[in-house]
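Values below: every heavy atom of this structure, side chains too, minus hydrogens, waters and symmetry copies. Given the structure is predicted, the values throughout are model-derived calculations rather than measurements.
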Amino acid sequence: MESQTRDIRPAACQDLFQLLDGANGADARAFGFRNSASGSYLLAIDQPDVLDPGNLSSHLKNAAEACPRLIMGYDSTSLAYDVTVADTRSGRTEIRLNGVEQVGGQQGEQVVDMIVSGVNTDSGGRLIRVMSSDRGIGPTEEKAAEIAAVHP
């Protein structure tokens with residue numbers, strides 16, 4: 001059974017959470033792959049189910065800047081993500097999220113490293129998520145995110 005998100009903190013992080021979690025709606029088209037050697041995966045969502053997807057890049061930038069630390073509570077644990085805006089270009093924003101498990105209020109081990117890009121496209125935007133839980137984001141994952149962003 002998949003663990004359900006029960007708490008998003010602080011309140012300023014709600015927009016970022018909605019962009020990341022709610023993007024794969026009925027009209028969205030998602031595709032991706034998993035690299036079995038590294039344990040990382042890429043997910044790209046065309047026409048994400050977000051308000052005004054044509055301005056996805058600026059929405060992602062604004063949401064990330066409002067939320068430097070996102071805490072997501074689950075049934076049995078909490079994850080704390082440090083959120084940074086890594087790159088902004090015309091029509092494109094890339095953010096980095098580094099997640100650690102919180103146990104009893106104490107910061108634990110890193111459990112996920114993620115790149116999320118929002119790209120404005122003529123067809124309504126593309127949200128790209130590259131995630132690694134084993135070794136962190138390396139050059140292979142960075143290249144995959146770049147290719148997915150420049151070839152919508």
**Prompt:** Honestly curious: do Leu56 and Leu43 fall in one hydrophobic cluster under the side-chain, below-4.5 Å linking rule?
**Reply:**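 Yes; Leu43 is reachable from Leu56 via cluster members.
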Considering all heavy atoms of both residues, which atom of [X] and which atom of [Y] are nearest to each other, and what is their separation?
X      : Y      : result
Ala37  : Asn35  : N-OD1, 3.0 Å
Gln102 : Thr77  : O-OG1, 3.6 Å
Leu79  : Val111 : CD2-CG2, 3.5 Å
Leu42  : Ala144 : CD1-O, 3.5 Å

Pairing residues for [X] by the side chain to side chain contact (heavy atoms under 4.5 Å, CB included) criterion, not counting sequence neighbours:
X      : value
Asp113 : Arg96, Asn98, Gln110, Ile137
Asp82  : Arg69
Met72  : Thr5, Ile8, Phe17, Leu70, Tyr74, Tyr81
Ala63  : Asp15, Leu16, Leu19

Contact check, side chains of [X] and [Y], non-hydrogen atoms, under 4.5 Å:
X      : Y      : result
Ser38  : Glu141 : yes
Val150 : Arg92  : yes
Val116 : Leu127 : yes
Phe31  : Asp46  : yes
Ile95  : Leu60  : yes
Ser117 : Ile115 : yes

**Request:** Using modelled atom types only, decide if a donor and an acceptor are shared between the side chain of Arg126 and the backbone of Ala148 within a distance under 3.5 Å.
**Result:**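 Flag set: sc Arg126 to bb Ala148 pair under 3.5 Å.
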**Request:** Would you list the pairs meeting disulfide bond (SG atoms under 2.5 Å apart) in which at least one residue belongs to residues 61-92, sequence neighbours left out?
**Result:**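 Non-adjacent pairs meeting disulfide bond (SG atoms under 2.5 Å apart): Cys13-Cys67.
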**Request:** With rounding to the nearest 0.5 Å, note down the distance linking OG in Ser40 to CZ in Phe33.
**Result:**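 So the OG of Ser40 and the CZ of Phe33 are separated by 6.5 Å.
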**Request:** Kindly compute the distance separating CD1 (Ile128) from CD (Glu94), expressed to the nearest 0.5 Å.
**Result:**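 Between Ile128 CD1 and Glu94 CD, I get 9.0 Å after rounding to 0.5 Å.
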Would you be so kind as to tabulate the donor-acceptor pairs closer than 3.5 Å made by side chains of residues 83-91, with sequence neighbours excluded?
| unit_1 | atom_1 | unit_2 | atom_2 | d |
| --- | --- | --- | --- | --- |
| Asp87 | OD2 | Arg89 | NE | 2.7 |
| Asp87 | OD2 | Arg89 | NH2 | 2.9 |

**Request:** Could you walk me through whether Met114 and Arg129 pass side-chain contact (heavy atoms from CB on, under 4.5 Å), step by step?
**Result:** CA-CA 7 Å; Met114 194 178 335; Arg129 187 180 320 172; 3.5 Å; yes
**Asked** Applying salt bridge (Lys or Arg N to Asp or Glu O under 4.0 Å), which residue pairs with at least one partner in residues 54-67 are found, sequence neighbours left out?
**Response**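 As it turns out, the salt bridge (Lys or Arg N to Asp or Glu O under 4.0 Å) pairs with a partner in residues 54-67, which skip direct neighbours, are Lys61-Glu65.
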**All salt bridge (charged side-chain N to carboxylate O under 4.0 Å, His left out) counterparts of Asp122, not counting sequence neighbours** =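 Asp122 satisfies salt bridge (charged side-chain N to carboxylate O under 4.0 Å, His left out) with no other residue.
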**Message:** Under the rule for side chain to side chain donor-acceptor pair (under 3.5 Å), what residues qualify as partners of Thr93, not counting sequence neighbours?
**Reply:**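 Only Ser57 meet the side chain to side chain donor-acceptor pair (under 3.5 Å) criterion with Thr93.
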